[in-house]
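Below is one structure, written out as C-alpha cells; comments come after it.
In what follows, residues are counted from 1 in the order of the sequence shown. Below, each value reflects all heavy atoms present in this structure, side chains not excepted, and no hydrogens, waters or symmetry copies. When a ligand or atom number is given, it counts from 1 through the structure's own listing order.
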Amino acid sequence: MMNSESPAGAEVGTALDVNRLRKDFPALRRMVNGHPLVYFDNTAATLKPQSVIDSISRVYSDYPANVHRGIHMLSEEATNAYEEARVKVARFLNAREPDEIVYTLNTTDSINHIAGSWGEANIGPGDEVLVTDMEHHANFVPWQQLCMRKGAKFQVAHVLSSGQLDREDFDSKLNERTKLVACAHVSNVSAVVNPIRELAEQAHRVGAIFVADCAQSVPHMPVDLQALGADFIACSAYKFLAPFGVGILWGRRELLDSMPPYRTGGNMIAEVSREHTRFNVAPHKFEAGTPSIADVIGMGAAIDYLEQWGMQAIYEHEVELSRYMHERLADMPGVRVIGDWFPGKPAIASFHLDYAHPHDVAQFLNEEGVAVRSGLHCAEPLHCALGLSSSTRASLYLYNTHDEIDRMIAAIKTVEEIFA
Ligand code: PMP
C-alpha cells in the first residue's frame with residue numbers, strides 16, 4: 001500500500017519544478033468564486049504558458065502575413081515559422097520526416113480527413129471497420145457514417161468492467177474483411193492505455209490499416225510514432241498547451257501519397273487549368289485554403305515548452321498525481337471511479353457519486369474554485385456499456401499538485417455532507 005499522505009509544501013518526488021512552472025501560466029493566478037483556481041479539466045483543454053501566448057502575439061504584431069504565397073519579408077518570416085513548427089512536431093513525435101505531418105483543425109478534423117480521403121477511396125460494400133466502445137465520438141461517428149455510406153459493416157469491440165479493451169471480443173471481430181481498425185491510445189474517460197503496437201500488428205496481419213487516436217497520449221507521455229506502429233495518428237494541439245484551432249494528422253508517407261485530397265481549392269494545387277488540376281504533394285495537398293497560421297506557430301512554442309521539461313518527467317509527475325488522486329478517491333464511500341486503477345495510469349479519474357448527479361457535483365466544485373467536467377465526455381457508447389448515464393471527470397496536467405487534489409477531495413466531502 002502506498003503512502004497516501006499529501007507531500008507537504010513544495011511538490012516533491014518528481015523531476016518537474018512544478019512550483020516554478022506554475023508561474024508560467026497566467027490563468028493559474030485567477031480566483032474563482034473567491035478561491036484560487038484548481039484547473040482539473042485538462043482532457044478538454046489545457047491552460048497556456050506565457051511563451052505560447054507571446055508567440056501568437058508576436059505573429060500578429062510583427063509578421064501577420066499569409067504563408068507560402070508571398071516573397072516579401074513578412075510572408076517569408078510567417079512561412080519559415082509555420083514550416084519550422086512542422087519540423088518541431090516531426091521531431092517531437094519522431095516521425096520519419098516533417099512532410100508526414102499534416103496540419104488540421106483538431107483530432108476530429110484529422111480523423112475526418114482519413115475517413116473522407118482514405119476511407120472513401122478504399123472502403124466498399126462487404127468491407128468492415130473495427131472500432132471500440134471506449135472511443136471518443138470523434139473516432140466513432142466518422143467510421144460509423146463512412147460504413148453507412150459505403151455499405152460496409154461497422155464493428156465495435158467491447159470493453160470489460162475494468163475499463164480495459166475486451167481482447168477476446170476484439171480478436172473475434174477482426175478478420176480478413178476488416179479494412180481499417182481505429183482505436184484510442186488513451187481513453188479520455190477511463191485513462192486506459194491501449195497496446196497500440198500489438199493491436200496494429202494484429203490489424204496488419206489481416207491486411208487492415210490502423211488509426212490511433214492520440215488526443216490523450218501525445219500531451220501526457222512520450223509518443224514515438226515509429227515505435228507505436230500505427231498507420232495514421234490524430235491529435236489536437238490545444239490539449240498540449242498550444243492555441244485552439246490546430247490539430248495534427250500524421251500518416252505514413254506512402255499512404256498520404258496514395259490518397260486523394262480531402263478538400264480542394266487554393267494552396268493545395270501544383271497547377272490549374274480549365275480542364276485539369278494537378279495537386280501539390282503531401283502534406284500541402286491536404287492543407288487547402290489559408291491555415292490558422294498563428295496557432296500553428298504557437299504550437300511550435302508549446303512543443304518548445306514541453307521539451308524544456310521533458311515528456312518523461314511530465315508523465316512521471318502525472319502518474320504520481322494519478323496514484324494519489326485515485327487513492328484519495330478510493331477512500332471515499334459512495335464514490336465509484338470508472339475503470340480499475342493500474343500502474344502508470346494517466347491522471348484522469350471519471351467518477352460517479354452514489355448520492356449526487358455529476359452536474360451538481362461539477363457545479364458545487366466550481367463554487368469551491370475547482371474546475372472539473374461532467375456529462376458523457378463525448379463517449380456515450382462507453383458510458384452505456386458500463387451502465388452509467390454520465391460521470392464527473394477530473395483530469396490533471398503538468399502544473400497540477402497534490403494540494404489541489406486535497407482541495408477537490410475536501411469539496412467532494414462537502415458535497416457528501418449536503419447530498420448524502
Ligand atoms: N479523441 C479523444 C480521446 C479526445 O479526448 C478528444 C477531445 N476530448 C477528441 C478525440 C476530440 O478532440 P477535438 O474536439 O479536438 O477534435
Side-chain angles (χ1 to χ4, degrees), residues 39-48 89 102-116 131-145 156-157 159 163-165 181-196 199 210-221 223 228 230 232-250 262 286 291-292 295-296 298-299 302 318 322 338-339 345-350 362 371-383 385 390-397:
Y39 189 77
F40 281 179
D41 193 19
N42 294 286
T43 297
T46 63
L47 306 180
K48 317 301 171 201
V89 174
V102 179
Y103 297 139
T104 63
L105 297 175
N106 47 41
T107 305
T108 306
D109 193 40
S110 299
I111 293 171
N112 274 283
H113 268 75
I114 311 167
V131 304
T132 83
D133 257 340
M134 77 174 86
E135 302 313 312
H136 186 284
H137 298 160
N139 200 29
F140 194 97
V141 182
W143 305 121
Q144 181 191 54
Q145 298 301 307
V156 185
V159 290
Q164 298 289 337
L165 179 62
V181 179
C183 179
H185 191 188
V186 174
S187 158
N188 66 316
V189 176
S190 64
V192 158
V193 183
N194 285 307
I196 296 298
L199 299 176
F210 194 95
V211 178
D213 172 356
C214 292
Q216 295 304 338
S217 56
V218 163
H220 301 281
M221 57 181 62
V223 170
L228 207 60
F232 291 105
I233 76 132
C235 62
S236 298
Y238 69 88
K239 292 185 194 288
F240 59 80
L241 310 181
F244 295 104
V246 55
I248 295 167
L249 164 64
W250 168 84
Y262 175 54
F286 297 108
S292 206
D295 300 322
V296 167
M299 169 169 67
E318 289 186 35
S322 176
I338 298 182
K345 185 180 180 192
I348 300 174
S350 297
V372 294
R373 186 152 290 250
S374 64
L376 291 161
H377 321 303
C378 297
E380 197 164 354
L382 179 64
H383 281 80
S390 59
S391 60
T392 306
R393 181 181 67 192
S395 55
L396 283 54
Y397 207 13

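Protein heavy atom closest to atom 3 (C) of ligand 1, with residue, atom name and distance, is Asp213 OD2, 3.5 Å. Of the protein's non-hydrogen atoms, His136 CD2, 3.4 Å is the one closest to atom 4 (C) of ligand 1. Considering only non-hydrogen protein atoms, atom 5 (O) of ligand 1 sits nearest to Gln216 NE2, 2.7 Å. Looking from atom 16 (O) of ligand 1 to the surrounding protein, the closest heavy atom is Thr108 OG1, 2.5 Å. Looking at atom 8 (N) of ligand 1, its nearest protein heavy atom turns out to be Lys239 NZ, 2.8 Å.
For the residue pair Thr392 and Ser374, no side-chain donor N or O sits within less than 3.5 Å of a side-chain acceptor on the partner. Side chains of Ser190 and Ser187: a donor on one and an acceptor on the other come within 3.5 Å.
Counting heavy atoms under 4.0 Å from ligand 1, residue Ala215 touches it through the side chain alone.
Between the choices Phe244, Phe140, Tyr238, the shortest heavy-atom distance to atom 14 (O) of ligand 1 belongs to Tyr238.
No close placement of the Tyr262 and Phe286 rings is indicated, their centers lying 6.0 Å or farther apart. The ring of His136 has its center no closer than 6.0 angstrom to the ring center of His377.
When all heavy atoms are compared, the tightest approach of Lys345 to Ile338 is NZ-O, 4.2 Å.
Take Tyr397 and apply the ring pair (Phe, Tyr, Trp, His ring centres under 6.0 Å) test, not counting sequence neighbours, and it matches His220, Tyr399.
Heavy-atom contacts from other residues, nucleotides or ligands closer than 6.0 Å to CD of Glu380 number 12 or fewer.
Heavy-atom proximity to Ala138, at under 4.0 Å, picks out these atoms of ligand 1: 10 (C), 11 (C).
For the pair Ser236 and ligand 1, the shortest N or O to N or O distance falls below 3.5 Å.
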